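Shown next, in structure tokens, is the structure this report addresses.
This is a predicted model, so every value here is computed, not measured. Letters A, B, ... mirror the listed sequences (proteins, then strands); counts begin at 1.
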Amino acid sequence: MIIASLTRSVTVGFSCPFLLLQAKASLFMKPFIAEILSQTVDRLKAEAVFPADFNPRIMVDNTKDKRHGDLATNLAMVSAKAAGMPPRDLAERLIQALPETDQISKAEIAGPGFINFFLSSSAQTAIVPEILKQAAQFGRSQTGAGQKVQVEFVSANPTGPLHVGHGRGAAVGDCLCRLLEATGWDVTAEFYYNDAGQQIANLALSVQARAKGLGPDDQGWPEDGYRGDYIQDVARSYMAGETVKADDIEVTGAADADDLESIRRFAVAFLRHEQDQDLKAFDVGFDVFFLESSLYDEGKVEETVQRLIAQGHTYEQDGALWLRTTDFGDDKDRVMRKKDGGYTYFVPDVAYHLNKWQRGFKRVIDEQGADHHSTITRVRAGLQALDVDIPEGWPDYVLHQMVTVMRGGEEVKLSKRAGSYVTLRDLINEVGRDATRYFLAARAATSQLTFDIDLARSQSNENPVYYIQYAHARLCSVARQANEKDMPWDRDAGEAALTLLVHEQEQALLNQLARYPEVVELAARDLEPHQIAQYLRDLAAAMHAWYNACPFLVEEASLRNARLTLAMATRQVLANGMSLLGVTAPEEM
RNA sequence: GCGCCCAUAGCUCAACCGGAUAGAGCAACGGCCUUCUAAGCCGUGGGUUGCAGGUUCAAGUCCUGCUGGGCGCGCCA
């Protein structure tokens with residue numbers, strides 16, 4: 001469903017947004033070099049070095065090692081066979097046939113046949129005025145072309161406070177929304193409340209038991225009751241006749257321990273309110289809160305069941321209604337309607353996703369914990385069985401692996417029923433919002449994650465997020481110092497003097513800055529927010545190294561202004577990147 | 001038993017649709033503040049990328065088979 005995708009290496013002839021910007025070749029050097037290489041291939045075709053129908057994938061990569069120049073291509077190696085000559089010889093021919101350009105200062109053969117490109121000074125520094133001109137817009141694109149995309153995440157049951165696992169979902173999901181929005185998508189962030197079904201009944205019974213003064217180990221405590229202390233808070237508030245608000249509802253406790261329905265409504269509202277507070281503290285917002293109960297209330301579940309029956313994908317057996325999901329790749333069929341007449345959870349899930357489709361979301365991303373991965377096949381199968389032209393493989397899923405919590409050197413086992421719990425609120429209070437967000441979003445979702453609370457708390461000053469924030473704060477401080485020392489930044493003078501930025505650390509920093517738009521594009525394409533976190537660490541490292549190597553507030557005005565200009569561009573990109581992670585960019589620390 | 005995810009430095013993790021000498025942080029050791037914030041910088045040590053094959057000019061990355069771990073496999077959600 002990715003409409004305009006960007007290849008990691010630019011491939012000529014592939015749909016690539018950067019190629020539309022050839023007029024700004026100096027800003028986006030990868031496609032520029034890919035283009036001149038394409039021209040070079042054409043020349044060598046004319047000279048019969050390549051067969052006339054030869055059409056290689058031209059790839060231009062960033063180099064890892066500065067000695068290999070700024071950008072490199074493996075074209076000679078992948079084309080050696082077609083040209084019938086050794087890679088290094090072919091590389092020599094390619095270099096000789098390169099068009100003249102002032103963007104490249106040197107192109108040389110290296111290793112087994114790489115061609116390394118060294119950018120000219122003007123090509124390297126051109127990014128700086130562009131950053132300052134675009135400011136907060138720098139790095140944003142129109143790749144998504146304004147298309148609608150829905151991201152569903154967190155979707156915790158309203159049966160308890162949010163825990164660390166929800167926190168990971170919140171951090172990753174929110175960053176996905178920010179990334180998609182930054183790349184031109186029309187994003188709807190949505191939270192699905194499972195506020196119907198057995199677990200809610202358990203919740204109500206648990207609160208009722210607490211309201212009657214029972215504890216988890218007492219006679220009469222519900223069998224699958226929630227044992228956590230927070231249940232007591234709910235009961236106390238209910239019996240005190242308090243009023244709670246959540247999203248669009250407001251419920252006042254009836255203070256009647258025998259009115260189970262009233263308890264249920266109050267408990268759900270209470271816990272939704274708690275979760276809303278947690279999310280607010282985490283700076284995670286949603287556009288839509290969707291209630292599972294509304295699917296029942298509006299007959300959508302029943303409609304979905306009837307549609308599945310009408311399409312002939314169901315059968316009765318053992319007193320239950322089954323969906324033949326094995327027709328759609330599942331390893332066994334699934335019960336839709338239980339003996340007792342109730343629906344299994346996946347039926348409203350299918351109804352919910354049908355609703356998403358009907359709302360016009362051609363692209364939907366569900367961010368979930370990997371422990372729910374078995375629902376993917378079932379939901380997709382149910383949607384196919386509906387036969388309403390939903391594409392196979394819709395919707396997309398981003399699954400995050402489990403979070404292991406360490407406290408006091410031991411793993412904390414999360415159990416909602418047992419009440420053993422590390423809440424998201426605890427983490428925010430103990431570790432801080434920025435550090436918690438960064439920690440949870442900075443690693444690939446596919447990696448299991450160990451969150452050591454003691455470490456995160458006791459060494460909070462050494463958390464990587466402070467390293468990045470400090471880089472930003474330092475540059476802000478430089479700007480303040482410049483004013484205090486009566487040598488304020490002259491942007492025009494600085495932009496005119498950028499070719500003075502020849503120090504090794506300045507070159508490295510310019511390189512990092514030029515990467516940013518592509519990093520955003522790739523992180524959004526791959527749905528991997530951790531790429532942003534990784535990049536920011538690299539950018540901050542380049543900045544700190546430069547800071548230590550080069551004084552800014554020097555006497556010579558042109559050099560001073562050139563460096564201040566680079567500093568302000570760097571500050572801007574740090575701020576832009578941090579905003580994609582939802583991390584604050586402090587002006588002082 | 002079947003399915004999904006994973007295995008990289010002592011620990012936590014990166015590694016750009018396969019590319020050059022696999023990188024950071026933490027931990028260890030040695031240097032750098034009369035000068036823009038030392039929450040920083042510079043340097044040293046640390047690896048058979050779980051094992052065995054295969055594809056390729058080139059494999060941590062792709063394929064197959066093992067081993068080890070997490071999760072799932074309910075008429076729970």
Exercise. Please state whether the rings of F328(A) and H313(A) are parallel, tilted or perpendicular, taking 30° and 60° as the class boundaries.
Key: perpendicular
Quiz item: Of the nucleotides A14(B), G72(B), C17(B), which one has an atom closest to the side chain of S374(A)?
Solution: G72(B)
Quiz item: Do Y466(A) side-chain and A39(B) base share a donor-acceptor contact under 3.5 Å?
Solution: no
Exercise. Would you indicate what A567(A) reaches in the nucleic acid, counting non-hydrogen atoms under 4.0 angstrom: base, sugar-phosphate, or nothing?
Key: nothing
Quiz prompt | Of the listed nucleotides U12(B), A77(B), C17(B), the one nearest the side chain of T450(A) | solution = U12(B)
Practice problem: Choose from G74(B), A77(B), C36(B) the nucleotide whose nearest atom is closest to any side-chain atom of K332(A). | Solution: G74(B)
Practice problem: Indicate, with a heavy-atom threshold strictly under 4.0 Å, whether E588(A) touches base, sugar-phosphate, or nothing. | Solution: base
Quiz item: Quantified in whole Å, what is the P atom distance between nucleotide G65(B) and nucleotide G1(B)?
Solution: 15 Å
Practice problem: Would you indicate what T344(A) reaches in the nucleic acid, counting non-hydrogen atoms under 4.0 angstrom: base, sugar-phosphate, or nothing? | Solution: sugar-phosphate
Quiz item: For RNA chain B, what dot-bracket results from Watson-Crick or G-U pairs at under 3.5 Å, with [ ] for crossers and | for inter-strand partners?
Solution: (((((((..((((.....[...)))).(((((.......))))).....(((((..]....))))))))))))....
Quiz item: To the side chain of Y547(A), which of C76(B), A38(B), C75(B) is closest?
Solution: A38(B)
Quiz item: Between H68(A) and N194(A), which is nearer to the 5' end of RNA chain B once each is assigned its nearest nucleotide?
Solution: H68(A)
Return the polar atom pairs (N/O with N/O) between nucleotides 55-64 of chain B and the protein under 3.5 Å, or none.
{"unit_1": "C57(B)", "atom_1": "OP1", "unit_2": "K81(A)", "atom_2": "NZ", "d": "3.1"}

Quiz item: With distance as the sole criterion, is a donor-acceptor pair present between the side chains of T404(A) and Q448(A) under 3.5 Å?
Solution: no
Quiz item: Under the salt bridge (Lys or Arg N to Asp or Glu O under 4.0 Å) test, which residues partner D330(A), sequence neighbours left out?
Solution: R334(A)
Quiz item: Looking at residues at least two apart in the chain, or sitting in another chain, which of them share a salt bridge (Lys or Arg N to Asp or Glu O under 4.0 Å) with R563(A)?
Solution: E506(A)
Quiz item: NA contact type, A442(A), heavy-atom cut-off 4.0 Å: base, sugar-phosphate, or nothing?
Solution: nothing
Practice problem: Return yes if a side-chain donor-acceptor contact under 3.5 Å exists between S155(A) and Q368(A), otherwise no. | Solution: no
Practice problem: Specify the glycosidic conformation (syn or anti) of C33(B), with syn defined as within 90° of 0. | Solution: syn
Exercise. Could you tell me which residues satisfy salt bridge (Lys or Arg N to Asp or Glu O under 4.0 Å) with K106(A), sequence neighbours excluded, listed by chain and number?
Key: E108(A)
Quiz item: For Q448(A), which contact category applies under a 4.0 Å heavy-atom criterion: base, sugar-phosphate, or nothing?
Solution: base
Self-check item: Atom P, compared across U61(B) and C17(B): separation rounded to whole Å
Solution: 14 Å
Self-check item: nucleotides 41-46 of chain B: protein proximity per nucleotide (B base, S sugar-phosphate only, - neither; heavy atom, under 4.0 Å)
Solution: SS----
Self-check item: Among A20(B), C75(B), A39(B), the nucleotide that comes nearest once only the side chain of M589(A) is considered
Solution: A39(B)
Practice problem: Tell me, please, which residues at least two apart from S294(A) pass side chain to side chain contact (heavy atoms under 4.5 Å, CB included). | Solution: F290(A), L291(A), E298(A)
Exercise. Would you indicate which nucleotide in A20(B), C75(B), A15(B) comes nearest to any side-chain atom of V335(A)?
Key: C75(B)
Practice problem: Ignoring hydrogens and angles, answer whether the base of A20(B) and the side-chain atoms of N116(A) contain a donor-acceptor pair closer than 3.5 Å. | Solution: yes
Quiz item: When we call it a touch if two heavy atoms are under 4.0 Å apart, what does D318(A) touch: a base, just sugar-phosphate, or nothing?
Solution: base
Practice problem: In whole angstrom, give me the gap between the C1' atoms of G60(B) and G23(B). | Solution: 12 Å
Exercise. Could you pick out which residue, F114(A) or G197(A), lies toward the 5' side of RNA chain B when each is mapped onto its nearest nucleotide?
Key: F114(A)
Quiz prompt | Cation-pi geometry met for R515(A) and Y535(A) (6.0 Å, 45°) | solution = no
Practice problem: May I ask you to say what S447(A) touches in the nucleic acid, namely base, sugar-phosphate or nothing, with a heavy-atom cut-off under 4.0 Å? | Solution: sugar-phosphate
Exercise. Answer with base, sugar-phosphate or nothing: what part of the nucleic acid does L449(A) contact at a heavy-atom distance below 4.0 Å?
Key: sugar-phosphate
Practice problem: Kindly write out the residues that satisfy side chain to side chain contact (heavy atoms under 4.5 Å, CB included) with H353(A), not counting sequence neighbours, or none if the list is empty. | Solution: E152(A), K356(A), D366(A), V379(A), L383(A), W394(A), P395(A), Y397(A)
Quiz item: Taking only residues two or more places apart in sequence, or in another chain, which ones meet D65(A) in a salt bridge (Lys or Arg N to Asp or Glu O under 4.0 Å)?
Solution: R67(A)
Quiz item: Between L564(A), L574(A), L566(A), which is the residue that forms a side-chain contact (heavy atoms from CB on, under 4.5 Å) with L475(A)?
Solution: L574(A)
Quiz item: Applying ring-ring contact (aromatic ring centres under 6.0 Å, His included), which residue pairs with at least one partner in residues 552-574 of chain A are found, sequence neighbours left out?
Solution: W546(A)-F552(A), Y547(A)-F552(A)
Exercise. Tell me what R563(A) touches on the nucleic acid: a base, only sugar-phosphate, or nothing, going by heavy atoms under 4.0 Å.
Key: nothing
Self-check item: Residue pairs involving residues 552-561 of chain A (criterion side-chain hydrogen bond (donor to acceptor under 3.5 Å, both in side chains); sequence neighbours excluded)
Solution: E556(A)-S558(A)
Practice problem: Describe the nucleic acid contact of A473(A) in one word from base, sugar-phosphate, nothing, applying a heavy-atom distance below 4.0 Å. | Solution: base
Self-check item: T446(A) vs Q401(A), side chain to side chain donor-acceptor pair (under 3.5 Å): CA-CA, chis, key distance, verdict
Solution: CA-CA 6 Å; T446(A) 51; Q401(A) 296 295 314; over 6 Å; no
Quiz item: Would you say G19(B) has OP1 or OP2 under 4.0 Å from some side-chain N or O of T73(A)?
Solution: no
Quiz item: Do the ring centers of Y352(A) and Y192(A) come within less than 6.0 Å of each other?
Solution: yes
Quiz item: Counting only non-hydrogen atoms, which of residues 365-373 of chain A are less than 4.0 Å from RNA chain B?
Solution: A370(A), D371(A), H372(A), H373(A)
